[in-house]
Amino acid sequence: MNIHEYQAKEILRRFGIPVAPGDVARTAVEAEGIAARYGGAVVVKAQVHAGGRGKAGGVTLARTPAEARAAAERILGMTIKGLPVGAVLVARAADIASEAYVGIIVDRASKRAVVMVSPAGGIDIEEVAATTPDRIRRLPVDPRYGFLPFEALQLGTFLYRDAGQARAAARILRQLYDAFLDSGASLAEINPLVTTPAGELLAVDAKMVIDDNELERRPAVAALRDASAEAPSEVAAREANLTFIRLEGNVGCVVNGAGLAMATMDLVKYYGGEPANFLDIGGSSNPDKVIAAIRIISSDPKVRVILFNIFGGITRTDDVANGIVTAVRHAPLRVPLVIRLTGTNEEAAVRILENAGLSAMTDMDAAVQRAVALVAPAGSAR
Ligand code: GDP
Ligand code: MN
């Protein structure tokens, strides 16, 4: 789950990290009021679940309340990376002497939280990693001992020559680590962490991503969800209890079980196709889930074929077939459907589909090849 910058900053503040003061506005008039209250210059910042807002024009410096109002007016009408801006953060503008990057991610390879720092902040850390990898320091944290003070100080010293600033950075890193663990985050970053001309450290931006599996035991964190800022397909999938992740390709996939979903995506890629999504309808065979899955996938204009891959164990394939038939009756599909199902009640499923003018295959390999062939230009099949 993504949370907004202003929410991440509230968390960091609670853990003692120095953060530029700010407030959220949903209208330009509110933004003007906040700027008037702060007095001096402010930054008006789009609150969307996307990075690179600065480059997209979603971060604007305003010297007066009237400028803040005009900036908010413009930014509140923007769409950044497909996401409409519903709110802006109006923060007291910081004077910036230098910009660093500090962040913590869950690293699946080392199975640890990895703290990353770079004195080259402000820009994408991926870009720094690609062009000047020696400007990044990474530290995997051993969960048996936690993030130790001397480790934090080593990273602080990599960031700043000044001993006081290095110590301040070390303190911030350990506070960030505590916030990361406490929130069940998979990512927590401050980019940029700035120094002011007076030598103080200050978090000017903050981003946190919360691991969905950590939400159930953290109702206060779960309450930070802003469904209005999420992609409608992802909201619909969550409401239907489907595990759904949108991808870039055009082969829509409906599969039962995460392992089979991964294998299906691998096979789509193997035959030269690109999956449009990961979608796991789960182990039960509620036809409503199938209907919701088809609706969600069909709403993606990129999708050119829908591939069902159902292995019936606990899942009854006749229930899935009924779901498909109901969904197609309700709203005829604008793309071809390739259905592979095998296992529990397979004969009944095939009968149900055939009675509705649909057909099913039992071989996964053949079904994936057919789906990929349907989206590939003629003659380009592998
Ligand atoms: P992002 O582009 O979505 O990462 O948004 P940021 O909050 O990181 O803002 C982008 C850039 O705007 C930063 O790297 C800063 O250079 C600049 N910026 C943001 N806040 C301030 C501020 O308070 N004062 C000044 N002078 N620049 C700021
Ligand atoms: Mn940033």
Side-chain angles (χ1 to χ4, degrees), residues 2-13 17-25 31 34-65 67-68 71-72 74-76 78-105 116-129 131-132 135-136 159 169 172-173 176 179-180 185 187-209 226 229:
N2 286 302
I3 61 175
H4 289 298
E5 174 193 3
Y6 77 91
Q7 296 170 317
K9 281 179 164 173
E10 271 162 29
I11 293 174
L12 299 189
R13 231 178 246 128
I17 295 177
V19 176
D23 265 308
V24 185
I34 297 165
R37 214 168 60 236
Y38 286 132
V42 294
V43 265
V44 182
K45 312 178 73 177
Q47 297 299 288
V48 283
H49 296 153
R53 295 163 302 163
K55 270 187 215 152
V59 177
T60 300
L61 204 67
R63 264 150 299 171
T64 64
E67 275 183 30
R74 185 179 57 77
I75 293 172
L76 284 167
M78 284 177 70
T79 301
I80 298 178
K81 295 182 183 168
L83 300 166
V85 181
V88 290
L89 171 65
V90 182
R92 182 176 282 162
D95 278 336
I96 299 180
S98 74
E99 297 187 319
Y101 170 95
V102 304
I104 303 174
I105 54 155
M116 289 193 298
V117 305
S118 171
I123 48 173
D124 278 353
I125 195 65
E126 289 83 5
E127 204 178 311
V128 181
T131 55
T132 49
R135 299 264 280 156
I136 300 181
L159 289 178
I172 289 171
L173 284 171
L176 184 65
F180 171 89
L187 176 146
E189 63 179 28
I190 304 173
N191 187 24
L193 173 70
V194 309
T195 57
T196 64
E200 309 273 332
L201 269 60
L202 191 65
V204 154
D205 189 13
K207 175 175 174 168
M208 287 178 86
V209 179
D226 175 6

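Since the model is a prediction, treat every value here as computed from it, not as a measurement. Sequence positions, counted from 1, serve as the residue numbers for this chain. Whatever order the structure lists them in is the order used to number ligands and atoms, beginning at 1.
- Applying the 4.0 Å criterion to heavy atoms of Ala94 picks out, from ligand 1, the atoms 22 (C), 23 (O), 24 (N), 25 (C), 26 (N).
- For atom 7 (O) of ligand 1, the nearest protein heavy atom (residue, atom name, distance) is Lys45 NZ, 2.5 Å.
- Heavy-atom proximity to Asp205, at under 4.0 Å, picks out these atoms of ligand 1: 1 (P), 4 (O), 5 (O), 6 (P), 7 (O), 8 (O).
- The presence of a protein heavy atom under 4.0 Å from atom 11 (C) of ligand 1 is ruled out.
- Closest to atom 1 (P) of ligand 1 among all protein heavy atoms lies Arg53 N, 3.6 Å.
- The contact set between ligand 1 and Val204, taken as ligand atoms under 4.0 Å from a residue heavy atom, comprises 19 (C), 20 (N), 21 (C).
- For ligand 1, the polar-atom distance check finds no N/O of Glu5 at less than 3.5 Å from any of the ligand's N/O atoms.
- The N, O or S atom of Asp205 with the smallest distance to the Mn ion (ligand 2) is OD2.
- Per-residue contacts place Asn191 under 4.0 angstrom from the following atoms of ligand 1 (heavy atoms of the residue considered): 8 (O).
- Residue Ile105 holds its CD1 atom at 8.0 Å from CZ of Phe180, rounded to the nearest 0.5 Å.
- Remark: ligand 1 and Glu99 share an N or O pair separated by less than 3.5 Å (distance only, no angle test).
- Taking the side chain as every heavy atom from C-beta outward, Ile34 and Val42 never approach each other to under 4.5 Å.
- In the vicinity of Gly54, heavy-atom distances shorter than 4.0 Å reach the ligand 1 atoms 1 (P), 2 (O), 3 (O).
- If you take CE on Met208 and CD on Glu189, they are separated by 11.0 Å, rounding to the nearest 0.5 Å.
- Between the CD1 atom in Ile172 and the CG atom in Leu12 there is a gap of 10.0 Å [rounded to 0.5 Å].
- Checking atom 28 (C) of ligand 1 against the protein gives a heavy-atom contact under 4.0 Å.
- Using a 4.0 angstrom heavy-atom cutoff, Ala93 counts as in contact with ligand 1.
- Of the options Val194, Thr196, Ile96, the smallest heavy-atom separation from atom 25 (C) of ligand 1 is shown by Ile96.
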May I have the step-by-step check of side chain to side chain contact (heavy atoms under 4.5 Å, CB included) for Lys81 and Val48, ending in yes or no?
CA-CA 9 Å; Lys81 295 182 183 168; Val48 283; over 6 Å; no
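- The NZ atom of Lys207 sits 6.0 Å away from atom CG of Leu187, with the distance rounded to the nearest 0.5 Å.
- For the pairing with Asp23, the salt bridge (charged side-chain N to carboxylate O under 4.0 Å, His left out) check across Arg37, Lys9, Lys45 returns one residue only, Arg37.
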